Amino acid sequence: MIWEAVMLRGMPLKAVSAQYQVDMRRVAAVVRLMEIEKRMERENAPMALPYARAISRLVPRAFLDADEKPFEPINDVHVHSFTMQQLFVPVSESRKFTRKDAAKAFGDHILPPDDKMRIPELVDMERAILKGVPQAEAEATFLKKTAQSERRFAGSQKYIAAQKDAMKSKVDTERFEFRIEDFNSEAVGKKGRARNAVGWRYGAPFNDRQRGLYKIPTSVG
Amino acid sequence: MRCERRILRYHSLKRGRVRQTWNKHNMYNLLKMRSSISVNGTFFQQKWAAKAATRAYHGEHIKEKQWERMFSRRLLSAVNMDPAYMARYDGSEQAAGRGSGRDVKPGKEKSVARNTGNANAMTPYMQMTFAPQERRLDIAVFRALFASSARQARQFVVHGAVKVNGKKMQHPGYLLNPGDLFQVEPEKVMIATGRKKSSKSESLNAPKEPAAEEEAEPAEEATEAAEQPAEELSPEELKAQYLEGLKQLHQHAKKIIEANKENLSGGHKKDIRELSKKIKEAMNKGRKVGTNVEETGDDMQNLAALMAHLELTPAERKELQQEQEQQQSPSAPITSSPSPDYPQLKSRTPPPKTNSKFDELESQVLKRLLEEEKINPYDPSKPYATPWRPRPYMSVFAFIPRYLEVNPKICAAVYLRHPVARPGQSEIPTPFNTGISQLAFNWYLRRR
């Protein structure tokens, strides 16, 4: 259902998330997994069909279209550890002490929840409804805004990739395309062992076989 | 290089430690622990007992030193912010008055603005004590129900059956990042979660099954071998042989359907197996004889095409006519109209012109049975009991936490985010209550 909404109907992820009350990251993951499933089906790859059927019977299933209970909270805001302490801030009674002021009181870099919302367009929609905009119109604006933000994000990603690509000079031979990047071989840090330094340094022994050093990769792909 | 913790008396019923497994003894220990958990003694003793109990479950295969390094006192939590509330209020209503909202007159109910979507309960931070472990690849594989224990999950990783973002990852201690996709080989998952081959059925089947396999293989060889003399045979003779085979097949199928009509889940699996094998053979022969059998993989459709060529003998035709006359006389207009017997195939294949061999219900039953057999076949070469069934007591442990999104069909899952505690609930699946977890948390704070 989610895959259909995203891939066939072309709905923005934020709108799908709001409609079915499913976290945005989960929406993205569902689409990703379904794409893999479809590819594997096309390739006739082995799948665990009887296992999947058993699991679908054992694990409770959520019905997204029935509006009984939202599947999961979609507007999660992470609780910053700075905000977990108790503060005593003297404030005059006449002053309007808002969420923004509270965030400021916890620390200069602490953001108020308004800035941390995953789907800020939802708040805008609610505000519009409070102002008297009809529901249907507000929802249409919400859809438009979410699509816009998604397009903007995709555009910026594309731009970054293009910028990175432009930094490389390419030499196209018949068989290979050589991509050459500029590196500063002097930028190796204080001890000559900076993480992103290039190449092997004369006289600096490898410590990759030292005892107690963590060698498991921290990220893949 | 790494010495593993030993697993002597792993599921001891006397000690009653609860482990991360789907073992039946573990289930017993779990129930026993539920009913009798009492911590008494000095504070140190309480913490010790709580640590011992929780560590026996949470990452028991991880060495204590390693876990101490992983432990973090910063516990993640999240709060749902309702957009309607955010739009209506800017938070100043909570700070109004003397700093905690305006007072109301006694007797009147306080009408406070509420941020809905959160449970009205405390956030169980203490249940998040072992949250850093849930990031580990082996434990995530176990949580996604791809392995029957954390140790088995670890073995899958070490043996190279797990991929992360499409690349083989052999470190069970790899800490997943939000958005990582891990995939286990489906065959391994079927082994882990499937029923064991019982020794009884093995001993029963052992002499039979290889024979059956041999039978099947020579059968194929025989058909191949038959190809050469087939060319020598006259086409009419061949056709006669083929039709004879089809007739037998048809009778066989009828018999199975009759048996299945009353008892749909009956133990006629062996018959169905044989039938599907025979159908396949018939298809192969059909291709050689030259009837229009396409390689669509849809057995029912092909069978329909084959049966269309199957003509009735004069004796059979007579019987059928008599039957029809009998049915027509006590007002049975449904059978009198020559309805095509494969409604779902009407558009694709022309309806058989001869008298119908299967009726609608029969064809549906047969189709369902054949599909079942195709998805979940009997295959003695597999290391688990076939047709595949979930292992016993699996339902007790079948739970997928919210920080994972699992697709069991392809045995892949996405680690969406780090587990968090919310008001009223924590995302770490644990059999222990908050008190025990709190004691364990205090142990690892190292202020003992």
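All chains are named by letter (A, B, ...) in the order of the sequence lines, taking the proteins before the strands, and each is independently numbered beginning at 1. Quick caveat: nothing in here was measured; it's all calculated off a predicted structure. Heavy atoms only: backbone and side chains are in, while hydrogens, waters and symmetry mates are out.
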What part of [X] lies closer than 4.5 angstrom to a heavy atom of chain A: side chain, backbone, both or neither?
X	value
B:Tyr125	side chain
B:Leu176	neither
B:Ser77	both
B:Ala96	neither
B:Met81	both

Any donor and acceptor pair, going by atom type alone, linking the side chain of [X] with main-chain N or O of [Y] inside 3.5 Å?
X	Y	value
A:Arg32	B:Gly179	yes
B:Arg422	A:Pro73	no
B:Asn80	A:Asn75	yes

Considering non-hydrogen atoms only, spot the tightest contact between [X] and [Y] and give its length.
X	Y	value
B:Lys167	A:Gly221	NZ-CA, 3.9 Å
B:Ile410	A:Met40	CG2-SD, 3.5 Å
A:Val220	B:Val164	CG1-O, 3.4 Å

### Message
Within 45 degrees of the ring normal and closer than 6.0 Å to the centroid, is that where the cationic atom of B:Arg402 sits relative to A:Phe71?
### Response
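Output yes; distance and angle both within limits.
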### Message
Does A:Glu126 form a side-chain contact (heavy atoms from CB on, under 4.5 Å) with B:Arg88? I'd like the steps, not just the answer.
### Response
CA-CA 8 Å; A:Glu126 293 290 344; B:Arg88 195 179 284 264; over 6 Å; no
If you tally heavy-atom pairs under 4.5 Å against chain A, which of [options] wins?
options	value
B:Asn165, B:Ile375, B:Leu416	B:Leu416
B:Leu175, B:Ile400, B:Leu145	B:Leu145
B:Cys411, B:Pro390, B:Ala421, B:Pro186	B:Pro186
B:Val79, B:Val414, B:Asn177	B:Val79

Side chain, backbone, both or neither: which part of [X] has an atom under 4.5 Å from a heavy atom of chain B?
X	answer
A:Ile129	neither
A:Leu130	side chain
A:Val91	neither

Side-chain contact, heavy-atom cut-off 4.5 Å: [X] with [Y]?
X	Y	value
A:Arg25	B:Arg417	yes
B:Met86	A:Arg99	yes
B:Glu93	A:Lys96	no

Kindly check if the number of other-residue, nucleotide or ligand heavy atoms within 6.0 Å of [atom1] ([X]) is above 12?
X	atom1	value
A:Met1	CE	yes
B:Asn120	CG	no
B:Tyr393	OH	no

### Query
Roughly how far, to the nearest 0.5 Å, is the CG atom of B:Leu76 from the NE2 atom of A:His78?
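A:His78 NE2 to B:Leu76 CG: 5.5 Å, rounded to 0.5 Å.
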### Message
Working to the nearest 0.5 angstrom, can you tell me the gap between A:Leu33 CG and B:Gln183 CD?
### Response
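Output value for this atom pair is 8.5 Å.
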### Task
Kindly indicate, with the supporting measurements, whether the criterion side-chain contact (heavy atoms from CB on, under 4.5 Å) is fulfilled by A:Ile36 and B:Leu181.
CA-CA 11 Å; A:Ile36 294 175; B:Leu181 186 144; 3.6 Å; yes
### Message
Could you work out, with salt bridge (Lys or Arg N to Asp or Glu O under 4.0 Å) as the rule, every residue matching B:Glu187, not counting sequence neighbours?
### Response
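B:Lys382.
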### Query
Please walk me through it: do B:Asp90 and A:Lys100 pass salt bridge (Lys or Arg N to Asp or Glu O under 4.0 Å)?
CA-CA 8 Å; B:Asp90 61 358; A:Lys100 253 179 209 143; over 6 Å; no
Output the residues of [range] for which the shortest heavy-atom distance to chain B is under 4.5 Å, in residue-number order; output 'none' if no such residue exists.
range	result
residues 146-153 of chain A	none
residues 79-87 of chain A	A:Val79, A:Met84
residues 43-58 of chain A	A:Pro46, A:Met47, A:Ala48, A:Leu49, A:Pro50, A:Tyr51, A:Ala52, A:Arg53, A:Ala54, A:Ile55, A:Leu58

### Query
What residue, out of A:Ile119, A:Thr98, A:Val30, has the most heavy-atom pairs lying under 4.5 Å from chain B?
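Counting heavy-atom pairs under 4.5 Å, the top option is A:Thr98.
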### Query
Do you know which of A:Pro217, A:Ala102, A:Ala128, A:Pro60 has the most heavy-atom pairs with chain B at a distance under 4.5 angstrom?
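Looking at each of A:Pro217, A:Ala102, A:Ala128, A:Pro60 in turn, A:Pro217 comes out on top.
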